[in-house]
Novice: 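Dropping a structure here in structure tokens format, bear with me for questions.
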Amino acid sequence: MVSEHAPKVLVASNRGPVSYTLREDGSLDSKRGGGGLVSGLSAVEDKVWVCAALSDGDREAVRRGVSEPGVRMLDIDASVHADAYNGIANSVLWFVHHMLYQTPVEPVFDAEFRRQWASYEAYNRAFAEALAEEADPDSAVLVQDYHLTLVPGMLRELRPDLRIGHFSHTPWAPVDYFRLLPDDIGRQVLHGILGADRAAFLTRRWADAFIGCCTEVLGGTGRTRIGVHGLGADADFLRRRSREADVDERMATLREQVGEGRKTIVRVDRTELSKNIVRGLHAYRALLEERPEWRERVVHVAFAYPSRQDLTVYRDYTAEVQRVAEDINATYGTTDWTPVLLHVDDDFARSLAAYRLADVALVNPIRDGMNLVAKEVPVVSDHGCALVLSREAGAYEELGEDAIVVNPYDVSATAEALHEALTMDGDERAARTERLAAAATSLPPQQWFLDQLDALLG
């Protein structure tokens with residue numbers, strides 16, 4: 001545990017713990033965020049969180065000097081942020097690490113890419129300068145994720161006295177795929193992270209991939225230490241929240257929509273390209289086609305919450321999810337059975353209700369840094385849940401032994417896995433769920449963060 005006399009802790013991430021909305025009357029409304037990082041940081045009292053202003057409300061709050069204690073929000077020019085966030089972080093670095101490119105036609109690293117990369121550098125530099133201003137001597141700085149890969153190196157030049165860590169919440173690309181990036185850009189990304197005293201990852205696989213890239217491209221990782229911290233589910237919060245009245249209400253509604261006596265296959269995802277929702281729907285269609293005994297006996301409860309809708313490729317993907325679901329319902333549905341129950345509006349209480357009801361959880365990403373849904377469902381399941389899990393999810397490293405593991409590209413095998421999960425003996429399902437829940441909660445968010453801080457300061 002970090003001592004009470006430890007130096008001040010600073011955290012840097014694109015999204016902060018609070019967001020602001022500008023009301024029609026000119027007042028500002030604030031909203032607290034959630035997630036593993038917010039929960040993890042609650043373990044530390046003396047901290048400063050540096051983040052970007054993401055909306056007009058955020059930028060107005062910065063201009064008015066409105067903020068929460070311990071939060072510094074950066075009013076980076078909106079066009080610079082858009083280039084850095086959408087143009088580079090989400091459309092290049094995310095695509096590389098999740099191996100999403102259709103390589104016959106993309107990527108194309110041209111003059112427009114170089115213009116956007118200059119914005120990414122400026123965006124990272126703004127964070128580095130703010131951290132350098134905020135940090136006390138010998139402070140610990142934990143920089144988060146692919147949005148801020150250049151910050152550790154920039155900050156090291158400004159403040160060599162600081163202890164700097166970088167954490168990657170995504171997978172890390174294998175060296176051959178990483179080298180899709182222009183050579184100088186790839187070196188810049190690696191050098192940026194190696195500005196940290198310690199670089200950490202969600203699984204050993206992603207850490208080894210990073211080491212492989214550094215070894216191949218730079219000749220090694222230098223003095224930077226490499227660590228692994230597999231973020232777990234927050235069991236106490238999930239169990240408490242999943243028993244609140246609004247969740248019970250949504251469970252009653254879901255039960256009515258599913259119908260008496262039917263089994264449920266549940267997935268909860270953002271409509272993110274890497275989540276593989278469309279192939280999951282095709283696998284469910286194959287189950288209904290090849291095993292007609294499941295018709296009218298099972299419902300696929302699919303919550304696919306829109307993500308990054310300012311990017312065309314994500315809007316198109318969301319539309320395809322809806323199209324495939326509608327097609328399955330039109331082909332197989334009856335007057336009293338809707339095969340796919342699809343929701344695209346975000347509702348956390350409804351997601352928890354689905355977790356509790358699930359007979360089968362389908363988590364089949366193409367590639368995923370961890371995937372907390374795979375860890376959350378077993379924690380709150382009422383009667384035990386069989387987990388169908390992609391071997392390309394980071395969670396596979398911890399949960400694979402008690403899951404039914406699939407190749408995310410193999411629709412036929414995924415359909416068979418769904419059948420196996422639906423027919424699993426109740427006692428076996430309950431026993432697996434208990435082991436899955438234990439593994440899923442072995443490193444809850446607060447301990448996950450403190451472990452990184454201890455390792456950085458040690």
Novice: Is a side-chain donor-acceptor pair under 3.5 Å present for Glu296 with Tyr332?
Specialist: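 Result is no, nothing qualifies.
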Novice: Does Trp294 have Arg291 sitting over its ring (NZ/CZ under 6.0 Å from centre, angle to axis within 45°)?
Specialist: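 Not satisfied by the 6.0 Å and 45° rule.
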Novice: Within a reach of under 6.0 Å around OH of Tyr146, are more than 12 heavy atoms found that belong to other residues, nucleotides or ligands?
Specialist: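 Yes, because the 6.0 Å sphere around OH of Tyr146 holds more than 12 heavy atoms from other groups.
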Novice: Measure the spacing between CG of Leu436 and CD of Glu398 and express it to the nearest 0.5 Å.
Specialist: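 Going from the CG atom of Leu436 to the CD atom of Glu398 covers 11.0 Å.
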Novice: Taking atom types as modelled and ignoring hydrogens, do the side chains of Tyr123 and Asn14 form a donor-acceptor contact shorter than 3.5 angstrom?
Specialist: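 Yes, a side-chain donor-acceptor pair sits under 3.5 Å.
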Novice: Where do Ser351 and Val268 come nearest, in terms of heavy atoms and distance?
Specialist: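 So the minimum-distance heavy-atom pair works out to OG-CG1, 3.6 Å.
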Novice: Run the ring-centre check on Phe201 versus Trp206 and record whether the distance is less than 6.0 Å.
Specialist: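 No, too far apart.
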Novice: Using 0.5 Å steps for rounding, measure from the CG atom of Asp347 to the CG atom of Leu352.
Specialist: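 Taking CG in Asp347 and CG in Leu352, the distance rounds to 9.0 Å.
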Novice: What's the spacing between Leu231 CG and Met370 CE if we round to 0.5 Å?
Specialist: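 Result: 6.5 Å between the selected atoms.
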Novice: May I ask you to test the Arg239-Val379 pair for a side-chain heavy-atom distance under 4.5 Å?
Specialist: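 Touching, per the 4.5 Å side-chain cut-off.
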Novice: Could you check whether His229 and Trp448 have their ring centres less than 6.0 Å apart?
Specialist: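 When the ring centroids of Trp448 and His229 are compared, they turn out to be at least 6.0 Å apart.
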Novice: What closest approach, in Å, do Pro171 and His98 show between heavy atoms, and which atom pair accounts for it?
Specialist: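 Scanning both residues completely, I find the closest heavy atoms to be CD-NE2, 3.3 Å.
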Novice: Nearest 0.5 Å, please: how far is CD1 in Ile226 from CG in Leu194?
Specialist: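 Between Leu194 CG and Ile226 CD1, I get 6.5 Å after rounding to 0.5 Å.
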Novice: Cut-off 3.5 Å, side chains only: do Trp49 and Ser13 have a donor facing an acceptor?
Specialist: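 Yes, Ser13 and Trp49 have a side-chain donor paired with an acceptor closer than 3.5 Å.
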Novice: For Asp368 and Asn371, does a side-chain donor sit closer than 3.5 Å to a side-chain acceptor?
Specialist: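 A pair is found: one side chain offers a donor N or O, the other an acceptor, under 3.5 Å apart.
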Novice: Do the side chains of Leu28 and Thr21 get nearer than 4.5 Å, heavy atoms only?
Specialist: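 No - every pair of side-chain heavy atoms lies 4.5 Å or more apart.
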Novice: How long is the span from the NE2 atom in His97 to the CZ atom in Phe210, to the nearest 0.5 Å?
Specialist: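 So the NE2 of His97 and the CZ of Phe210 are separated by 9.0 Å.
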Novice: Set out, in order, the CA-CA distance, both residues' side-chain angles and the distance that settles ring pair (Phe, Tyr, Trp, His ring centres under 6.0 Å) for His169 and Phe167, then state yes or no.
Specialist: CA-CA 6 Å; His169 295 262; Phe167 194 90; 4.8 Å; yes
Novice: Does any non-hydrogen side-chain atom of Asp382 lie less than 4.5 Å from one of Met251?
Specialist: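 Yes; the side chains approach each other to less than 4.5 Å.
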Novice: When rounded to the nearest 0.5 angstrom, what is the spacing between CG in Asn124 and CG in Leu148?
Specialist: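 CG of Leu148 is found 5.5 Å from CG of Asn124.
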Novice: Are Phe178 and Trp172 near enough that their ring centres are under 6.0 Å apart?
Specialist: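 Ring centres of Trp172 and Phe178 closer than 6.0 Å.
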Novice: Does this structure show an ion pair linking Arg315 with Glu320, if we count only N-O contacts that are shorter than 4.0 Å?
Specialist: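 Judged by the 4.0 Å cut-off on N to carboxylate O distance, Arg315 and Glu320 do not form a salt bridge.
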Novice: Would you verify whether the NZ or CZ of Arg267 falls within 45 degrees of the ring axis of Phe303 while also being under 6.0 Å from that six-membered ring's centre?
Specialist: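 Geometry flag: not set, cation outside 6.0 Å or 45°.
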